[in-house]
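For the numbers below, each heavy atom of this structure counts, side chains included, while hydrogens, waters and symmetry mates do not.
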Amino acid sequence: MAKEIIVNCDTRETRVALLDNGKLVELHIEREERVVGSIFKCKVCNVLPGMDAAFVDLGLERNAFLYVADVIPEADDDFEGRRPSGRSLGIRDVLRMNQELLVQVVKGPRGTKGARVSTRISLPGRYCVLMPDADNLGVSRRIDDARERDRLKRIINSSRPQGCGVIVRTEAEGKSEQELRNDLEMLIKLWDQIRQGAQKTKAPGIVHQDLSLLYKTIRDVLGSDVSRMVIDAKRDYDKAIELVELMSPKLKSRLQRYTRPEPLFDYYGIETEIDRLLRRKVWLRSGGNLTIDETEALTTIDVNTGKFIGSTSLSETILRTNLDAANEIGRQLRLRDIGGIIVIDFIDMTSAKDRTQVLNSLEKVLRRDRTRTKISHISALGIVEMTRKRTGETISETLGEVCPYCQGRGRVASALSISIEAERALRRAASESEASGFLVQVNPVVAFHLIGPRGETIDEIEKRINRRVYVRAREDMHTEKFEITAGESKEIEAALLPFRRDAVVECEVVRNPYSTLPRSTAWLDGYLLELSNGGRYIGQTVKARLTDIRRSWAVGDVMNPSRLDKTRRS
């Protein structure tokens, strides 16, 4: 069975899963536009000679880090990166305060760290990567045929603009001259648009937004080795058809629209795999297991025999467990998108031959990884040190956040993740039940995300499932838990909507992540009340008049004392 790409497009999240022989090997999640790959016009805020780097303002929440090696051109025959005196160039030699630059984000913000940027811009296409500030021509190392490499170099060299570098990607192998020229011309036009946009953009500001996850998947992953790409949303399916017709019309027949009532990731068994991604322990086919611990500095992977007792000898048992672990480690690194320094503790092997065999097995499985990796030798204790290029958050960081109950000693699913999970559960319930309404009980923090700003999210969910939904918050409910009860909407409404328009209620004003001053919110026995003028009353108990009543939320105004007295007298 060849590779398959499964694309699930929900209201607030796009997920792309890559299956290899029916097994999940990669998972990518996009909840908002990622900044990696985007191009900004920035302003230098601080030049630090002690770090040989600078901090630049992109207009994002945190300033970005720009290292001196990402500013000066790469050393070549014409530029050695040195002053006439022979001293290496420092950050003060190439940058000054308030200087404006065009930079590209090469590593996204992570934890408390801002993004990392470079002035060496690269624009990837389907077959080529254009580097406007370079002048070199390279071909992917995965193309082994010397004649094919020469053919590709000849075609690109005759088409590339003077002063621009190009890297020919693996997907270019066997492609016609016209296809390669079209791809390169598209990138050249894009660069011209970026330069024109940079002239009009005031620093700090974004000049070029990186492409969506769906577009990048079609460009980088969809190839001749992919048997099909399945998409569940019609709008995104239609968009994918347009992109494939533009990039690679021959692959159009491999796009399929998923129309079954069962959720797409449930049908392929991917949801169960995702649930396992947040677990420390991963069981191997042999009965052994891996323990994966992620820290800010590095990731450690410990290999254990677990339930596997072998049948021949201790050395054979250890070798089989380590070989099984090597294959699964390669898969887990891709699946969890783990980057940075990785330390793998294999079970101790006394035989040098066995250690070589395990290391070769690990190198072999990592060749399938599109992200760059580098492995050191395996020590006598079975320790392997390796690196994998990191560009942003891992899957566990995307799906989770620091646990508010254990203060960072563990992780729980984020409120946004739980609200999305509750939305999926609602869709399943709607496909299995004829009930006209559903009551959803969640933690108040989750309720904010499920209802959304001014009810936009819950309104969209109701449209998608064509049922009435009543969201109620419960303080005693854990953030990772929720309850969905099906019933007739009239009965649910009679029990849960005792409020009427123009009624006056007493409530405590709380902060809502979706409300901006002067707006704020309050809870009426789990019913969300949005106060149009409640911002200055946060933490206080007030009286409010209800001006609009919805199924999951209401709108009201905080009453000032003079209005309250008039109401009492009337």
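- Side chain to side chain, Ser417 and Arg31 meet the donor-acceptor criterion of an N or O pair below 3.5 Å.
- Side chain of Glu30 to backbone of Leu213: a donor-acceptor contact under 3.5 angstrom is found.
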With side-chain contact (heavy atoms from CB on, under 4.5 Å) as the criterion, how do Val446 and Glu421 come out once you've worked through the C-alpha distance, each side chain's angles and the decisive distance to 0.1 Å?
CA-CA 10 Å; Val446 178; Glu421 188 178 337; over 6 Å; no
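- Across all their heavy atoms, Thr394 and Ile338 have their closest contact at CG2-CA, 4.0 Å.
- Classification of Glu262 and Arg428 as a salt-bridged pair fails, no side-chain N sitting under 4.0 Å from a carboxylate O.
- Taking a cutoff of 4.0 Å between a charged side-chain nitrogen and a carboxylate oxygen, Lys463 and Asp459 do not qualify as a salt bridge.
- The main-chain N or O of Lys3 is found under 3.5 Å from a side-chain atom of Ser227 such that the two form a donor-acceptor pair.
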Audit row: Leu137, Lys153, side-chain contact (heavy atoms from CB on, under 4.5 Å) steps and yes/no:
CA-CA 7 Å; Leu137 174 60; Lys153 283 184 178 180; 4.1 Å; yes
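- Smallest separation of non-hydrogen atoms from Val282 and Glu328: CG1-OE2, 3.8 Å.
- The shortest non-hydrogen separation linking Glu271 to Arg15 is OE2-NH2, 2.8 Å.
- Residue Arg454 qualifies as open at atom CZ: its count of foreign heavy atoms under 6.0 Å is 12 or below.
- Within the model, atoms CG of Leu290 and CD1 of Ile301 stand 7.0 Å from one another, a figure rounded to the nearest 0.5 Å.
- Within the 3.5 Å criterion, the main-chain N or O of Phe438 finds no donor-acceptor partner in the side chain of Arg467.
- Shown here for Leu58 and Pro204, the closest heavy-atom pair between the two residues is C-CB, 3.5 Å.
- Panel note: side chain Asn136, backbone Gly165; no donor-acceptor pair is recorded below 3.5 Å.
- In summary, the side chains of Glu294 and Ser396 do present a donor paired with an acceptor at a separation below 3.5 Å, with no hydrogens or angles considered.
- For the atom pair CD (Glu245) and NZ (Lys252), the distance works out to 4.0 Å, reported to the nearest 0.5 Å.
- Considering CD1 of Ile5 and NE2 of His28, their distance stands at 9.5 Å, rounded to 0.5 Å.
- Val230 has its side chain within reach of Arg228: a pair of non-hydrogen atoms, C-beta onward, lies under 4.5 Å apart.
- Under a 3.5 Å cut-off, the side chain of Arg116 and the backbone N or O of Gly108 do not form any donor-acceptor pair.
- Salt bridge Arg149/Asp144: absent, no basic N to carboxylate O contact under 4.0 Å.
- Side chain of Arg254 to backbone of Ser224: a donor-acceptor contact under 3.5 angstrom is found.
- Ion pairing between Arg195 and Asp192 holds under the 4.0 Å rule for side-chain N and carboxylate O.
- Side chains of Val384 and Phe346 form a contact here, defined as non-hydrogen atoms less than 4.5 Å apart.
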Worked verdict on Val166 versus Val129 for side-chain contact (heavy atoms from CB on, under 4.5 Å)
CA-CA 6 Å; Val166 177; Val129 178; over 6 Å; no
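- Counting heavy atoms from C-beta on, the side chains of Ser38 and Ile206 come closer than 4.5 Å.
- Rounding to the nearest 0.5 Å places OG1 of Thr11 at 12.0 Å from CD of Glu456.
- With a 4.5 Å cut-off on side-chain heavy atoms, Thr300 and Asp345 do not count as touching.
- A donor-acceptor pair is defined here as one N or O able to donate and one able to accept, closer than 3.5 Å; such a pair exists between the side chain of Ser552 and the backbone of Val469.
- Asp183 places a side-chain N or O within donor-acceptor distance of the main-chain N or O of Cys128, the cut-off being under 3.5 Å.
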Using the rule given for side-chain contact (heavy atoms from CB on, under 4.5 Å), can you reason through Leu335 versus Val25, listing the C-alpha separation, both sets of side-chain angles and the distance that settles it, and then say yes or no?
CA-CA 5 Å; Leu335 195 51; Val25 293; 5.9 Å; no
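- You'll find the side chain of Ile420 reaches within 4.5 Å of the side chain of Arg12, heavy atoms only.
- Note on Arg169 versus Asp220: salt bridge recorded, some NZ/NE/NH1/NH2 to OD/OE distance being below 4.0 Å.
- Heavy atoms from other residues, nucleotides or ligands lying under 6.0 Å from CD1 of Ile341 number 12 at most.
- A salt bridge links Arg370 with Glu26: the closest approach of a Lys/Arg side-chain nitrogen to an acidic carboxylate oxygen falls below 4.0 angstrom.
- Rounding to the nearest 0.5 angstrom, the gap separating the CD1 atom in Ile461 from the CG atom in Asn466 is 14.0 Å.
- Taking the side chain as every heavy atom from C-beta outward, Ile458 and Val471 approach each other to under 4.5 Å.
- The number of heavy-atom neighbours closer than 6.0 Å to CD of Glu385, taken from other residues, nucleotides and ligands shown, is 12 or below.
- Between Arg424 and Asp10, some side-chain heavy-atom pair lies under the 4.5 Å cut-off.
- Using a cutoff of 4.0 Å between basic side-chain nitrogens and carboxylate oxygens, Arg181 and Glu177 are scored as salt-bridged.
- One N or O on the side chain of Arg219 and one on the backbone of Pro124 form a donor-acceptor pair closer than 3.5 Å.
- In summary, Arg331 and Glu273 engage in a salt bridge, as defined by a charged side-chain N under 4.0 Å from a carboxylate O.
- When atom types are taken as modelled, the side chain of Asp324 and the backbone of Arg285 share a donor-acceptor pair closer than 3.5 angstrom.
- A distance of 4.0 Å separates OG of Ser248 from OH of Tyr127, quoted to the nearest 0.5 Å.
- Considering only heavy atoms from C-beta on, Phe448 comes within 4.5 Å of Leu528 through its side chain.
- The pair Asp369-Arg388 meets the salt-bridge criterion, since a charged nitrogen lies less than 4.0 angstrom from a carboxylate oxygen.
- Taking a cutoff of 4.0 Å between a charged side-chain nitrogen and a carboxylate oxygen, Arg368 and Asp20 do not qualify as a salt bridge.
- What you find for Ile395 and Leu27 is that their closest heavy atoms are CD1-O, 3.4 Å.
- In this structure, Tyr258 and Tyr268 have tilted ring planes: the angle between them lies in the 30° to 60° band.
- Under a cut-off of 6.0 angstrom, the local environment of CZ in Arg142 is crowded, with over 12 non-hydrogen atoms contributed by other residues, nucleotides or ligands.
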Please evaluate residues Ser176 and Glu179 with respect to the criterion side-chain hydrogen bond (donor to acceptor under 3.5 Å, both in side chains), reporting the C-alpha separation (whole Å), side-chain torsions for both, the decisive distance (0.1 Å), and the verdict.
CA-CA 5 Å; Ser176 68; Glu179 288 177 303; 3.2 Å; yes
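- In terms of heavy-atom proximity, Leu66 sits nearest to Ser118 at CD1-CA, 4.0 Å.
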